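Position 1 is the first residue of the sequence, and the numbers go up from there. Worth saying up front: this structure is predicted, and the values here are computed from it rather than measured.
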Amino acid sequence: GKTGAYATGADILEELAALGHDLPRIVLDWRQLAKLKSTYADALVGEIHAETGRVHTSYGMAIAQTGRLSSNDPNLQNIPVRTEEGRKIRQAFIADKGNKLVSLDYSQIELRIVAHVANIGPLIEAFQDGKDIHALTASQVFGVPIDGMDPMLRRRAKAINFGIIYGISAFGLANNLGISRAEAAAYIDAYFEKYPGIRGYMDETVAFARQHGYVTTLFGRRIHLAGIADKNPASRGFAERQAINAPIQGAAADIIKRAMVRVPPALTENKLPATMLLQVHDELLFEVPEAAVEETIAVVRDVMESAAAPVVNLAVPLVADAGIGDNWDEAH
């Protein structure tokens with residue numbers, strides 16, 4: 001577990017619960033439910049607009065450093081999705097009579113951008129062939145065949161794939177996976193050995209950021225990093241991890257915004273009565289009359305999957321997955 005000065009009350013309760021003590025688990029569960037109740041269940045009811053009977057968020061265009069949209073009053077981008085209790089909050093967002101909620105979200109867009117930007121042959125090939133990227137990484141890092149692979153190994157590879165693009169350390173990965181730091185360090189070394197382009201991308205990007213004080217996305221948008229020349233190593237390290245991730249997350253933000261601008265004209269052109277309701281980073285949510293659902297998905301998917309063009313010609317395909325439901329949880 002976590003030791004030293006940084007262990008918080010919640011960490012200690014987690015450790016005690018993991019050791020099989022009942023009371024800490026009950027306290028943690030209660031805290032989670034209390035937070036869900038106050039932050040969402042109670043607060044969102046107060047946000048319902050008197051005239052429309054709906055909840056309306058405000059989007060910030062220039063708040064998040066990487067260029068992602070931010071949402072406030074209320075924040076609808078942080079409605080929980082990871083736990084069953086959290087997902088119940090999403091079930092409260094329902095489609096109007098005769099309509100469905102339709103969600104389209106980019107599948108693994110950041111990993112696809114990494115494959116393109118760092119020019120990683122095996123990853124590009126896997127995305128082009130529609131292969132399971134986490135299984136492929138597990139096979140590369142752990143030296144096991146993809147067929148009949150232990151799902152646990154795939155889960156580990158998934159944590160490494162996503163961790164690497166956020167500049168995760170052996171310490172962070174060890175914590176994530178509940179393994180020793182030495183084992184995590186060995187995985188990270190093996191990963192860089194199999195995908196040498198990644199290390200090259202990281203080193204070049206950090207060097208560029210140090211020299212210029214900013215990084216750029218694939219679309220040429222600059223993201224300024226104030227802390228990259230900081231005297232304090234911790235602040236500098238944080239800025240270096242930002243330098244590695246910002247062009248990736250920033251390009252994903254550029255792509256979905258390009259899609260959002262093109263969606264309404266495409267719906268109009270195809271005489272589709274769908275309404276774009278929300279953007280949650282890699283996901284667009286629509287309300288669509290039942291009869292128009294399939295055609296709307298086809299039109300929006302086409303816009304989303306071609307949104308990088310003509311400015312950027314990606315070496316990998318973009319893929320948008322669709323979900324349909326009477327509420328936001330079912331659609332997601």
Side-chain angles (χ1 to χ4, degrees), residues 1-16 18 28 31 35 60 62-72 75 77-78 82 110-111 113-114 117-118 137 141 156-193 195-218 221-253 281:
K2 297 180 181 118
T3 51
Y6 294 114
T8 63
D11 292 333
I12 292 162
L13 288 172
E14 287 286 358
E15 289 195 12
L16 289 169
L28 285 166
R31 279 188 190 170
K35 178 162 175 27
I63 311 232
Q65 187 189 17
T66 57
R68 279 178 155 197
L69 293 184
S70 62
S71 159
N72 58 336
N75 182 350
Q77 291 183 328
N78 69 348
R82 290 205 168 35
E110 294 192 1
L111 275 178
I113 292 167
V114 169
V117 171
T137 296
V141 170
R156 289 192 169 185
K158 185 175 176 178
I160 301 170
N161 270 336
F162 288 123
I164 296 277
I165 52 180
Y166 289 102
I168 201 169
S169 62
F171 178 73
L173 186 64
N175 262 356
N176 263 359
L177 292 174
I179 55 178
S180 76
R181 220 181 296 187
E183 200 177 343
Y187 291 165
I188 290 174
D189 289 345
Y191 188 95
F192 284 133
E193 203 179 303
Y195 301 144
I198 294 229
R199 179 43 43 95
Y201 161 75
M202 289 174 154
D203 294 345
E204 280 163 38
T205 308
V206 169
F208 182 92
R210 273 205 202 107
Q211 194 182 340
H212 300 278
Y214 65 83
V215 288
T216 63
T217 71
L218 281 170
R221 185 166 56 80
R222 291 182 181 184
I223 297 166
H224 294 271
L225 300 164
I228 198 80
D230 205 296
K231 298 274 182 286
N232 176 330
S235 310
R236 201 170 58 240
F238 179 70
E240 286 173 2
R241 284 195 296 280
Q242 278 183 311
I244 291 163
N245 181 249
I248 311 290
Q249 201 183 90
H281 306 315

Exam field: side chain Tyr201 to backbone Ile244, donor-acceptor pair closer than 3.5 Å: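 Yes: the side chain of Tyr201 pairs with the backbone of Ile244.
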
Donor-acceptor pair, side chain of Arg181 and main chain of Phe171, under 3.5 angstrom: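 Not confirmed, Arg181 side chain does not pair with Phe171 backbone.
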
Is there a side-chain contact between [X] and [Y] (heavy atoms, below 4.5 Å)?
X	Y	result
Phe208	Gln211	no
Leu225	Gln65	yes
Arg156	Ile179	yes
Arg222	Val215	no
Leu177	Glu183	no
Val117	Pro247	no

Enter the distance from [X]:[atom1] to [Y]:[atom2] here, rounded to the nearest 0.5 Å.
X	Y	atom1	atom2	result
His224	Thr216	NE2	OG1	10.5 Å
Ser169	Asn175	OG	CG	8.5 Å
Asn245	Met202	CG	CE	9.5 Å
Thr217	Ile113	OG1	CD1	9.0 Å
Thr137	Asn161	OG1	CG	3.5 Å
Glu240	Ile228	CD	CD1	5.0 Å

Suppose we call two aromatic rings close when their centres sit under 6.0 Å apart. Are Tyr187 and Tyr191 close by that rule?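 Ring-ring flag for Tyr187/Tyr191: false, centres at least 6.0 Å apart.
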
Which atoms form the tightest heavy-atom contact between [X] and [Y], and what is the distance?
X	Y	answer
Arg221	Ala253	NH2-CB, 4.4 Å
Ala239	Gly227	CB-C, 3.4 Å
Ala184	Ala174	CB-N, 3.8 Å
Thr66	Ile223	O-CD1, 3.7 Å

Does Phe238 have more than 12 heavy atoms from other residues, nucleotides or ligands lying within 6.0 Å of its CZ?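 Count not over threshold, so no.
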
